[in-house]
Undergrad: 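Shown below is the structure under consideration.
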Amino acid sequence: MSLLDVKNISKSFGKTKVLKDVSFSLEKGEVLSIIGSSGGGKTTLLRCLNFLETPDNGLISVDGKPLFDGSKISDKQIRENRLHFGLVFQSFNLFPQYNVLQNVTLAPTLLKKGTADEIDASARELIEKVGLTDKINNYPCELSGGQQQRVAIARALALNPDILCFDEPTSALDPELTGEVLRVIKSLKESGSTMIVVTHEMEFAKNVSDK
């Protein structure tokens, strides 16, 4: 059974049809890269998967459990559905008033995903995984773009999502910083993470993607 099944997802904004019967499936540990021109609907697809937008119709299921089948879903269901997906934004979206450790521990703390000690230990492990232990007490304004994006990746991993989604994670970075973020994503693939990556980095897409 596939980890993620997406069938016939469509989404329109007014008279503009952005997604037209999009279907795909992902096995656990697979990486799907989505490429295409700007305005083609790549970000809208990710937003539909993360329930930041509601598709007009179609089916989304994770591990055989339907999350969306075209019918109206409650706010509570939307919040629960989002926990299956981690989303790393193009523009980092870190909380400027919190340091690196606080940015990573915030969501698990609010959702009571363990004791304070467990959440702290897990966050420190993730921060080490993305190579930022020496910046653990720094604030976003004290980090480079690549470092901020790596914090964003650690934050997305903190809730242990089934599928990690990246929306052009390197488009705001210069080539040197792009390399450090792509290395982290590549290491996540090697550790068995299931990922969907919207990217313009063709060489990276070719090297890392299963689809």
Undergrad: Looking only at heavy atoms, which two atoms of Val104 and Ala158 are closest? And how far apart?
TA: O-CB, 3.5 Å

Undergrad: Phe204 and side chain to side chain contact (heavy atoms under 4.5 Å, CB included): which single residue from Thr170, Thr178, Val181, Leu182 fits?
TA: Leu182

Undergrad: Would you say Thr115 and Asp117 are linked by a side-chain donor-acceptor pair, where the criterion is simply a distance under 3.5 Å?
TA: no

Undergrad: With distance as the sole test, does Asp63 use its side chain to make a donor-acceptor pair with the main-chain N or O of Lys65 at under 3.5 Å?
TA: no

Undergrad: For Ser209, enumerate each residue passing the side-chain hydrogen bond (donor to acceptor under 3.5 Å, both in side chains) test, keeping only those at least two apart in sequence or located in another chain.
TA: Ser33

Undergrad: Which heavy-atom pair separates Leu46 from Cys165 by the least distance, and what is that distance?
TA: CD2-CB, 3.9 Å

Undergrad: Distance-only, no hydrogens or angles: does the Ser122 side chain make a donor-acceptor pair with backbone N or O of Glu118 under 3.5 Å?
TA: no

Undergrad: Yes or no on side-chain contact (heavy atoms from CB on, under 4.5 Å) for Ile163 and Leu3, after CA distance, side-chain angles and deciding distance?
TA: CA-CA 9 Å; Ile163 297 130; Leu3 176 63; 4.0 Å; yes

Undergrad: If hydrophobic residues (ILVMFWY) are linked whenever their side-chain heavy atoms come closer than 4.5 Å, directly or via other members, who joins Leu159 in its cluster?
TA: Leu83, Leu111

Undergrad: Mark yes or no for whether Arg155, through its side chain, and Asn103, through its backbone, hold a donor-acceptor pair below 3.5 Å.
TA: no

Undergrad: Go through the side-chain N and O atoms of Ser10 and Asp56 and say whether any donor and acceptor fall under 3.5 Å apart.
TA: no

Undergrad: Can you measure from CG (Asp167) to CG (Asn50) and round to the nearest 0.5 angstrom?
TA: 9.5 Å

Undergrad: Indicate the atoms forming the closest heavy-atom contact of Lys76 with Glu80, along with that distance.
TA: NZ-OE2, 2.8 Å

Undergrad: Do Ser171 and Gln90 get their side chains close enough for a donor-acceptor pair, meaning under 3.5 Å?
TA: yes

